[in-house]
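Below, chain A is the first sequence line, B the second, and so on; all start at residue 1.
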Protein chains: 2
Amino acid sequence: MSDFQPVQRSSVSVAVFEQIAARIVDGTLPADAALPSERVLTEEFGVNRQALREALQRLDQLGLVEIRHGGATRVRDFRTASGLDLLPRLFLGADGSLDAVVVRSVMEMRTTIGADAAAHAARRAPAEVVRGLRGLLAELDEGPDDVGRMAELDVAFWDLVVEGSGNVCYRLSLNVLRRSYRQVASLVDLLMLGERRDLAAHRELVAGIETGDPERARAAAVALLEQGHTAVLAHLSEE
Amino acid sequence: MSDFQPVQRSSVSVAVFEQIAARIVDGTLPADAALPSERVLTEEFGVNRQALREALQRLDQLGLVEIRHGGATRVRDFRTASGLDLLPRLFLGADGSLDAVVVRSVMEMRTTIGADAAAHAARRAPAEVVRGLRGLLAELDEGPDDVGRMAELDVAFWDLVVEGSGNVCYRLSLNVLRRSYRQVASLVDLLMLGERRDLAAHRELVAGIETGDPERARAAAVALLEQGHTAVLAHLSEE
DNA sequence: ACACGTCAAGTGGTCAGACCAGTTGATGTA
DNA sequence: TACATCAACTGGTCTGACCACTTGACGTGT
């Protein structure tokens with residue numbers, strides 16, 4: 001059984017970006033600190049200036065540094081300067097361990113937004129989305145034993161709920177949340193198994209949407225999401 | 001009374017980035033379309049390749065394009081590929097008009113997250129945050145007539161609530177939401193005036209946090225946030 | 001002693017042109 | 001038909017030069 005991992009090739013500029021981003025996020029490069037000049041960084045990383053600058057542009061785009069023509073490039077306080085897109089980088093510590101506070105935050109946001117999306121879907125979901133949800137219920141009913149397949153269905157299910165909610169913010173946030181816990185996919189797939197298997201709650205959620213009953217949909221969503229939520233919290237406190 | 005606006009100088013690479021981003025967001029460059037090669041774009045924009053590449057790196061970082069070594073750079077579907085950081089770019093259409101769906105989404109997310117943050121702040125806010133909130137209440141009590149000052153206090157107030165909630169996701173999301181409606185700050189300041197002036201609701205929210213009563217804090221937050229929410233919705237339907 | 005131009009040295013921004021490294025698809029072969 | 005091959009793309013990296021802006025030290029005047 002070959003257990004090789006695909007080699008992750010990455011461009012020089014991205015590699016530089018990753019290194020600096022990691023140092024900012026873990027506090028090695030504190031907020032307001034001035035980065036060395038591009039010429040100096042160029043030598044330290046052993047790359048050329050173009051690659052280095054591409055990395056800096058990315059950092060700026062993420063809100064991690066502030067570049068000023070003529071002045072020094074400074075580290076920003078990402079807690080006030082960055083957007084949600086930074087989240088996946090806060091999830092894992094330098095040693096690969098989970099950051100408990102971040103994980104808790106993610107789970108809370110998932111529950112809150114998921115519930116609200118369900119409620120709005122009950123108000124606004126177009127027939128097409130409802131049809132899709134019914135189709136997924138049928139597939140869930142088959143009881144797929146494959147954990148991976150289960151995860152796929154779960155993704156598709158919530159995609160439709162959020163789609164039905166007609167809320168762009170929720171749609172974009174969902175992308176980020178997924179990117180976050182995809183980093184520990186195998187663990188998540190295990191912890192979420194109970195939630196994903198709860199056919200009754202899924203049915204109830206879809207019923208709430210079908211009948212246009214926001215509070216029913218919301219309650220079902222909460223019931224569903226809190227299962228994974230508590231499972232994750234339990235897992236965290238075990239360590 | 002000089003009414004000059006600060007000239008917004010921007011680097012060539014950022015200008016290129018803005019142009020392409022706008023075209024992707026407004027659909028002129030549809031998802032999956034292949035961008036012209038860098039050499040060609042270089043000529044069309046009349047800039048050098050380094051500047052162009054910096055723009056492309058930013059676009060990639062935002063999830064708007066996918067760059068592949070050797071292959072073409074393609075436009076991605078930002079609805080599934082981008083994170084919340086894209087939001088400020090969806091807010092205004094090409095002609096400067098507000099996108100009603102996006103505005104509604106922002107207000108919904110604000111209400112939902114604000115309420116949940118208040119609830120969690122009631123559970124977890126450290127004494128320091130509570131002190132800060134009390135201080136702000138005192139300032140609000142003075143009844144500042146300046147709209148700008150009012151806006152400042154409002155920002156500080158919710159900063160503390162979210163800080164007290166101990167939720168990183170909410171903190172980062174708040175940054176993005178603010179960046180979004182800062183684009184129409186003068187309008188927002190007007191529509192939010194009622195909400196921001198509601199001293200009683202602010203007091204009630206802080207009381208809920210002080211006494212560690214999540215549901216009380218949540219209810220007060222909802223009461224507060226729904227004022228601006230409905231004001232904005234009313235404004236949208238007027239047009 | 002202080003306030004204020006001046007200016008050199010440092011910073012990031014842009015440019016040019018070359019070459020490396022992957023991808024793609026047509027082409028010719030088995 | 002299936003499959004290697006290869007030329008002509010694509011993006012990635014490098015060099016070195018020069019432009020534009022900021023900073024702070026310095027000297028001049030008050």
Side-chain angles (χ1 to χ4, degrees), chain A residues 4-21 23-24 29-77 81, chain B residues 4-21 23-24 29-77 81:
Chain A
F4 296 130
Q5 297 297 314
V7 172
Q8 96 270 45
R9 281 157 297 193
S10 96
S11 66
V12 173
S13 73
V14 169
V16 170
F17 162 78
E18 300 281 359
Q19 271 199 53
I20 302 181
R23 294 235 182 165
I24 293 176
L29 286 170
D32 229 53
L35 253 54
S37 78
E38 296 182 354
R39 271 90 171 173
V40 171
L41 285 174
T42 276
E43 287 188 16
E44 290 190 10
F45 283 107
V47 305
N48 99 29
R49 200 162 155 221
Q50 162 136 354
L52 180 77
R53 280 183 58 80
E54 287 176 7
L56 292 178
Q57 302 291 323
R58 287 189 114 101
L59 290 167
D60 181 279
Q61 187 63 34
L62 242 190
L64 290 178
V65 305
E66 180 182 11
I67 306 176
R68 281 177 44 212
H69 188 177
T73 295
R74 309 195 88 89
V75 176
R76 304 182 72 175
D77 176 5
Chain B
F4 296 131
Q5 296 296 316
V7 172
Q8 93 270 44
R9 283 156 297 196
S10 102
S11 66
V12 172
S13 71
V14 170
V16 170
F17 162 77
E18 301 282 0
Q19 273 199 52
I20 302 180
R23 295 234 181 165
I24 294 176
L29 286 171
D32 229 53
L35 253 53
S37 77
E38 295 182 355
R39 272 89 169 174
V40 171
L41 286 174
T42 274
E43 286 187 18
E44 290 191 10
F45 283 107
V47 304
N48 149 315
R49 196 159 161 223
Q50 162 135 350
L52 179 78
R53 280 183 58 81
E54 287 176 8
L56 291 178
Q57 300 292 322
R58 286 188 116 101
L59 290 167
D60 181 281
Q61 188 62 36
L62 242 190
L64 289 179
V65 305
E66 180 181 13
I67 305 176
R68 280 176 47 211
H69 189 180
T73 295
R74 310 194 87 89
V75 176
R76 306 182 69 175
D77 176 6

- line: When rounded to the nearest 0.5 Å, the distance separating CD of Gln61(B) from CG of Leu56(B) is 13.0 Å
task: Kindly say if Thr73(B) contacts the phosphate of dG11(D), meaning a side-chain N or O under 4.0 Å from OP1 or OP2.
output: yes
message: Rounded to whole Å, please give me the gap between CG in Asn48(A) and P in dG17(C).
response: 18 Å
- prompt: Closest nucleotide of DNA chain C for Leu35(A) versus for Ala51(B): which of these residues is on the 5' side?
  reply: Leu35(A)
query: Counting only heavy atoms not in Glu44(B), do more than 12 fall under 6.0 Å of its CD?
result: yes
- request: State, with a plain yes or no, whether a side-chain heavy atom of Val40(A) is found less than 4.5 Å away from one of Leu35(A).
  value: no
message: Return whichever of Ala72(A) or Ser10(A) has its heavy-atom-nearest nucleotide of DNA chain D closer to the 5' end.
response: Ser10(A)
message: Expected output is a numbered-order residue list: members of residues 54-67 of chain B with a heavy atom under 4.0 Å from any atom of DNA chain D. What is it?
response: Ile67(B)
CD on Gln50(B) to CD on Gln57(A), rounded to 0.5 Å: 8.5 Å
query: Which value, rounded to the nearest 0.5 Å, describes the distance between Phe17(B) atom CZ and Ser11(B) atom OG?
result: 10.5 Å
message: Report for the helix from dA1(C)-dT30(D) to dA30(C)-dT1(D): angle between first-end and last-end helix axes, five pairs each, rounded to 10 degrees.
response: 10°
query: Does anything in residues 59-69 of chain B pair up under salt bridge (charged side-chain N to carboxylate O under 4.0 Å, His left out), and if so which pairs, sequence neighbours excluded?
result: Arg58(A)-Asp60(B)
Contacts table for residues 69-77 of chain B: side-chain donor-acceptor under 3.5 angstrom, sequence neighbours left out:
from: Arg74(B); atom 1: NE; to: Asp32(B); atom 2: O; distance (Å): 3.1
from: Arg74(B); atom 1: NH2; to: Asp32(B); atom 2: O; distance (Å): 3.3
from: Asp77(B); atom 1: OD1; to: Arg79(B); atom 2: N; distance (Å): 3.1

Any Val65(A) side-chain heavy atom under 4.5 Å of Ile24(A) side chain: yes
field: Atom-pair distance (CZ on Arg53(A); C1' on dC14(D)), nearest Å
entry: 15 Å
- line: Separation of dG17(C) atom C1' from Glu38(B) atom CD, nearest Å, is 15 Å
field: Interatomic distance where CZ belongs to Phe45(A) and P belongs to dC14(D) [whole Å]
entry: 13 Å
- request: For Arg49(B), enumerate each residue passing the salt bridge (charged side-chain N to carboxylate O under 4.0 Å, His left out) test, keeping only those at least two apart in sequence or located in another chain.
  value: Glu38(B)
query: Does Ser13(A) have a side-chain nitrogen or oxygen under 4.0 Å from the phosphate oxygens OP1 or OP2 of dG12(D)?
result: no
Protein-to-nucleotide contact annotation, 5' to 3' order, nucleotides 16-21 of chain D [B base; S sugar-phosphate only; - none; under 4.0 Å, heavy atom]: -BB-BB
field: Asn48(B) and Val12(B), any side-chain heavy atoms less than 4.5 Å apart
entry: no
message: If you assign each of Ser37(B) and Arg68(A) to its closest nucleotide in DNA chain D, which residue comes earlier from the 5' end?
response: Ser37(B)
statement: The reported gap from CG in Leu29(A) to CG in Leu64(A) (rounded to nearest 0.5 angstrom) is 10.5 Å
